[in-house]
Amino acid sequence: MEVRARAARLQQRGQRSWALLLIPLALIAAITVVDLHSPTTIHLGPLLVIAPALTPSFAGLRPTALVGALAIAAQVLIAFLHGGLTTSNHIAQIAALTILCVLIVMFTAIRDHRARQLARAQSVAEAAQRALLRPLPEQIGPLQIATMYLAAEKEAQIGGDLYTATRTAGGTRMVIGDVRGKGLAAVGESALLVSAFRLIAAQHDTLADLASTLDHNVGRYLTDFAQESGDIVEHFITAILLDLPDDEPVARMTNCGHPPPLLLRDGHALPVDSVPAAPPLGVNDLGDGTYPSDDFPFERGDTLLLYTDGVTEARDDTGEFYPLADRAAHWTRCSPETLVNHIRRDLLAHVGHRLNDDAAVIAIRRAEPAAAHPDEPGRNPPLCESDPTPG
């Protein structure tokens, strides 16, 4: 679907470019006709340079070269019919127009080359992100899941926020985290935690043991990274670890210095902050080495909203933070996909489409049982509220 959509966009862009090409062609024709019908003392030929100068704004190398060649040909025609090719004025005009058209074509060629380089870099970055942050399935056991990832560095399409999930014997184990920093500098640390979690998540009976092992591995890597780069600034990863049993209406959580999730239920968005926060991963020397965990109710029809601080610390033009809990309370009846789409659109509108930090969101809904009869009251899920006006 994504490939077809991109191909359709490219085709539409190409069609618009060829349609816009009529503008410089019309300019060339108009300037030529007006010049030929003007007195010999009036020279409008120098205005022909407008056409090739305008073309690179919507077309590539070949259309620009074509328009430039037509402009030069029009100047030659004007000279031939309006005073003679051998006059010094016309020779100077033709030479100057030719030089300018060549420079414009060279500029367009360099611009297109750099655009192709950027496109290749973006393609590599997108492939790296898909390998690092593989999209979570829409359904894992009884859980409906939707995700959102917005990188602060749009050109890279990748950053330091992370999430992943894996199946265990009786449920699903999940992590969401935020590497200190943003952009490509945080990619290695993010990849480390994701890889380690996927490898060992199912091997530990408790989240406390899992967090301790992850902290040990991350701490060793970050220490080596800081020594190797000569960076004495602290490195760490905040994270939330979750256990979501298939057959129990609860969730188990260990919070390693990360913003607490929101539990969406019946028009309310309540922070799950009953679990004491442990130090972030990679700074185990700051704590006592223990990682507390606790259970909280997560019943059928509930939605658990995980996020990174790039969401809640996003500011608008007046400096106000994005009110995630207030906005999410309007969408407690939405499906995870619709909820995430609402948050994406609302967050970008709040910041004016300019994020200063990477932002990730995971919406997890414990699916309700299907109604035995379609008309049975109280069993069908309620409709999702409409999008509120950002305030």
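Just so you know, these numbers use all the heavy atoms, side chains as well, and skip hydrogens, waters and symmetry mates. Predicted, not measured: the structure shown is a model, and the values here were computed from it. This chain uses plain numbering: 1 for the first residue, then up along the sequence.
In summary, the side chains of Asp316 and Thr318 do present a donor paired with an acceptor at a separation below 3.5 Å, with no hydrogens or angles considered. Of the N and O atoms on the side chains of Thr332 and Arg265, not one donor lies less than 3.5 Å from an acceptor on the other residue. Side-chain polar atoms of Thr87 and His90 form a donor-acceptor pair below 3.5 angstrom. Using modelled atom types, one finds no donor on one side chain facing an acceptor on the other under 3.5 Å when comparing Tyr291 with Asn255. One side chain, Thr308 or Asp161, offers a donor N or O that lies under 3.5 Å from an acceptor on the other. Under the 3.5 Å distance criterion, with hydrogens and angles disregarded, a donor-acceptor pair is assigned to the side chains of Arg167 and Thr172.
In this structure, the separation between CG on Leu193 and CG on Asn217 is 9.5 Å, given to the nearest 0.5 Å. Here the CZ-OG1 distance, from Arg344 to Thr147, works out to 8.5 Å after rounding to the nearest 0.5 Å. Annotation: the span from Leu304 atom CG to Ile240 atom CD1 amounts to 8.5 Å, rounded to 0.5 Å. Here CG of Leu244 is found 5.5 Å from CG of Leu143. Values are rounded to the nearest 0.5 Å. Separation of atoms CZ (Arg327) and CG (Asp346) is listed at 4.5 Å; rounding is to 0.5 Å. Residue Leu355 holds its CG atom at 13.5 Å from CZ of Arg315, rounded to the nearest 0.5 Å.
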*Are Arg345 and His342 close enough, and set up right, to give a side chain to side chain donor-acceptor pair (under 3.5 Å), and what steps lead you there?*
CA-CA 5 Å; Arg345 184 166 55 251; His342 281 331; 2.9 Å; yes
_Glu337 and Asn341: CA distance, side-chain angles, deciding distance, side chain to side chain contact (heavy atoms under 4.5 Å, CB included) verdict_ = CA-CA 6 Å; Glu337 182 178 1; Asn341 288 337; 3.9 Å; yes
*Any chance you could lay out the side chain to side chain donor-acceptor pair (under 3.5 Å) test for Thr312 and Asp309, step after step, and finish with the verdict?*
CA-CA 5 Å; Thr312 52; Asp309 60 11; over 6 Å; no
_Before you tell me yes or no, could you show the steps for Asp215 and Val218 under side chain to side chain contact (heavy atoms under 4.5 Å, CB included), namely the whole-Å CA-CA distance, both residues' side-chain angles and the distance that decides it to 0.1 Å?_
CA-CA 5 Å; Asp215 175 78; Val218 170; 6.0 Å; no
*Which is it for Thr164 and Arg198 under the side chain to side chain donor-acceptor pair (under 3.5 Å) test, yes or no, and what are the steps along the way?*
CA-CA 8 Å; Thr164 191; Arg198 290 171 178 166; 3.1 Å; yes
*Begin with the C-alpha distance, continue with both residues' side-chain angles, and end with the deciding distance and a verdict on side chain to side chain contact (heavy atoms under 4.5 Å, CB included) for Tyr322 and Val351.*
CA-CA 8 Å; Tyr322 178 68; Val351 300; 5.9 Å; no
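The shortest non-hydrogen separation linking Gln93 to Gly45 is OE1-CA, 4.1 Å. Taking every heavy atom of both residues into account, Cys256 and Leu281 meet most closely at SG-CD2, 3.9 Å.
Residue Ile104 is tested with Val67, Thr64, Ile99 for a side-chain contact (heavy atoms from CB on, under 4.5 Å); the sole match is Thr64.
Under 4.0 Å is where a charged nitrogen must lie from a carboxylate oxygen, and between Arg366 and Asp302 no such pair does. Salt-bridge check for Arg354 with Asp317: passed, with a basic side-chain N closer than 4.0 Å to an acidic carboxylate O.
Heavy atoms of other residues, nucleotides or ligands lying less than 6.0 angstrom from CZ of Arg120 number more than 12. No more than 12 heavy atoms of other residues, nucleotides or ligands lie within 6.0 Å of CD in Glu138, so this atom counts as exposed by the packing criterion. Counting heavy atoms of neighbouring residues, nucleotides and ligands inside a 6.0 Å radius, atom CZ of Arg62 does not exceed 12 of them.
Under the 4.5 Å side-chain criterion, counting only non-hydrogen atoms from C-beta, Met174 is in contact with Ile145. Counting heavy atoms from C-beta outward, Leu85 and Ile94 have side chains that approach closer than 4.5 Å. Counting heavy atoms from C-beta on, the side chains of Pro249 and Arg300 never come closer than 4.5 Å.
Note on Leu44: it clusters hydrophobically with Leu36, by side-chain heavy-atom contacts below 4.5 Å among ILVMFWY residues.
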